Amino acid sequence: MALDLDFVRSQFPAFSSPVLSTHAFFENAGGSYPCIQVVERLTRFYRDRKVQPYGPYPGAQAGGAEMDEARTRLAAMMGVSRQEVSFGPSTSANTYVLAQAVRKWLAGTDGAVVVTNQDHEANSGVWRRLADEGIEVREWQIDRGTGSLDPQALAGLLADGKVKLVCFPHCSNVIAEINDVAAICSMARAAGARTVVDGVSYAPHGFPDIPALGCDVYLFSAYKTYGPHQGIMVIREDFGFELPGQAHFFNHGVLYKRHTPAGPDHAQVAACAGMADYIDALAARHGITGEAAARNRGVHDLMRAQEVAVIQPLLDYLGQRNDLRLLGPRDAARRAPTVAVELDRPAEPVSEELGRHGIACWAGDFYAVRPLQALGIDLDKGVLRMSAVHYTSAEEVGRLIAALDRVL
């Protein structure tokens, strides 16, 4: 079954916007377009529910109910309990709070933490700073030629049994190779370690099936998964209660409040239910039935199949050029459709020129300083990044290739 792209694009107001529709959009890794269901829920909340939620009057009751709906439905999609889903201002903020809990959890022990140099800095820097507290931090390093993470190298880091936490990305935001999360989590669990997965760069390509992945924490950003500007953290119950609480002491008994020190953005949380609306709309359109997690898995597979088919011609085109370096696998099935290239000159002026040719993308380091340094890339030049999602069309990829032909 093929994804009904016309139906998909009809769900996004951006494609009829006189401002946004002028360019083919390839900056999705920086933030996707919001779906209409999210836009409508957010608008309704600000119009009819923008009061303190859960109070004993209609607007407050409706607002609280929509916040609860978002948590309940997203949890069901991802195969976890509703209390295992926490909202925060961003993934960077959620990871920072989580790291403060881990700092206390490991204080006074000989426990070690593993990080990678494949990550966005949000899932690297906060863990590395634990070394300032005397906690050992070990680096799982990428292959300097391919950017890949070798599981055998992780096995060596786990061998002495001291590692208590392994932090790694589902996929990098510049290398884009999809890591075998389930296998890595299984390896860590066998060595007595918990796992924290940065899913920011993968979740836009299909919401995760958390039980299948087997991780203890999974983090992603709603504004990259067709929603509002929120960070979403799934933390499994046993680990969440094992970690010291980071919120008001009287909230420590409620898992989704336990590691959320600031009050939630009520409107943004409520609007996240629109992401579940969208997944359900796609499922209904394509005849995908069953409970929420099954519908989510079916939609995930549709999204990925569309992305693989659409982005492979771009990878083939870039792979044939000898004036640039394509980061990550050349096989679209092994990677997210986030395509970064090292050029023989600074990348940002190239992205500006592409903008003049009707292509919206950007250049720089994208907070992926460590992987770019490990790959020997000059940070002053940066990389050109072109990122697609399931609503990207083959025609848009063709326009991108034609524009690159003119600009490079």
Side-chain angles (χ1 to χ4, degrees), residues 80 84 86 88 91-142 149-170 172 179-200 210-211 213-220 231 233-247 249 252-253 255-261 370-371 374:
V80 299
E84 292 177 317
S86 299
T91 294
S92 294
N94 286 345
T95 311
Y96 179 85
V97 172
L98 186 66
Q100 301 320 299
V102 168
R103 176 175 61 83
K104 291 186 176 183
W105 179 57
L106 292 181
T109 74
D110 64 351
V113 174
V114 169
V115 299
T116 85
N117 63 345
Q118 193 188 60
D119 277 280
H120 180 290
E121 191 63 15
N123 199 40
S124 182
V126 294
W127 305 114
R128 292 170 189 272
R129 284 196 290 275
L130 295 178
D132 297 338
E133 309 291 327
I135 297 169
E136 183 186 0
V137 178
R138 302 177 180 181
E139 185 177 69
W140 182 13
Q141 297 182 350
I142 61 173
L149 288 169
D150 181 359
Q152 289 306 308
L154 175 62
L157 296 173
L158 297 173
D160 64 4
K162 291 185 177 181
V163 173
K164 301 304 178 187
L165 191 69
V166 179
C167 308
F168 67 98
H170 201 153
S172 160
N179 293 315
D180 189 341
V181 173
I184 295 167
C185 289
S186 177
M187 183 183 299
R189 187 165 52 251
R194 301 284 192 172
T195 46
V196 174
V197 178
D198 178 358
V200 170
I210 299 296
L213 296 178
C215 54
D216 295 289
V217 181
Y218 193 95
L219 302 121
F220 65 97
M233 176 171 70
V234 177
I235 183 166
R236 303 316 299 266
E237 183 173 353
D238 57 345
F239 189 42
F241 280 113
E242 183 178 338
L243 291 174
Q246 298 300 297
F249 73 92
H252 285 187
L255 182 54
Y256 68 81
K257 296 180 179 180
R258 183 178 175 86
H259 301 293
T260 307
R370 297 179 199 273

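Since the structure is predicted, the reported quantities are computational estimates derived from the model, not experimental observations.
When side chains are defined from C-beta on, E133 does not count as touching L106, because their heavy atoms never get closer than 4.5 Å. By the 4.5 Å heavy-atom criterion applied to side chains, V196 and N123 are counted as neighbours. Inter-residue side-chain proximity for K164 and W105 is flagged as met; some heavy-atom pair is nearer than 4.5 Å. Residues L243 and I235 meet the side-chain proximity criterion, which asks for heavy atoms closer than 4.5 Å. In this structure, N179 and Q118 have side chains that are in contact, with non-hydrogen atoms separated by less than 4.5 Å. A heavy-atom distance below 4.5 Å is found between the side chains of H170 and L213. Residues C167 and D198 form no side-chain contact, since every pair of their non-hydrogen atoms from C-beta on lies 4.5 Å or further apart. Proximity of M187 to P151: side-chain heavy atoms (C-beta onward) are separated by under 4.5 Å at one or more points.
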Checking V113 against I135 for the side chain to side chain contact (heavy atoms under 4.5 Å, CB included) test, could you report, in this order, the C-alpha distance in whole Å, the side-chain angles of both residues, the deciding distance, and whether it holds? CA-CA 8 Å; V113 174; I135 297 169; 4.2 Å; yes

Check against side chain to side chain contact (heavy atoms under 4.5 Å, CB included), L98 and W127: CA-CA 10 Å; L98 186 66; W127 305 114; 4.0 Å; yes

Test side chain to side chain contact (heavy atoms under 4.5 Å, CB included) on V166 and L158 and set out the steps. CA-CA 9 Å; V166 179; L158 297 173; 4.0 Å; yes

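For the residue pair A374 and I142, the shortest heavy atom distance occurs at CB-CD1, 3.8 Å.
Taking the charged nitrogens against the carboxylate oxygens, R103 and D132 have no contact shorter than 4.0 Å, which rules out a salt bridge. Between D119 and R128 there is no salt bridge, since no side-chain nitrogen of the basic residue lies less than 4.0 Å from a carboxylate oxygen of the acidic one.
In this structure, the side-chain contact (heavy atoms from CB on, under 4.5 Å) partners of E237, at least two apart in sequence or on a different chain, are Q83, E84, F241, L255.
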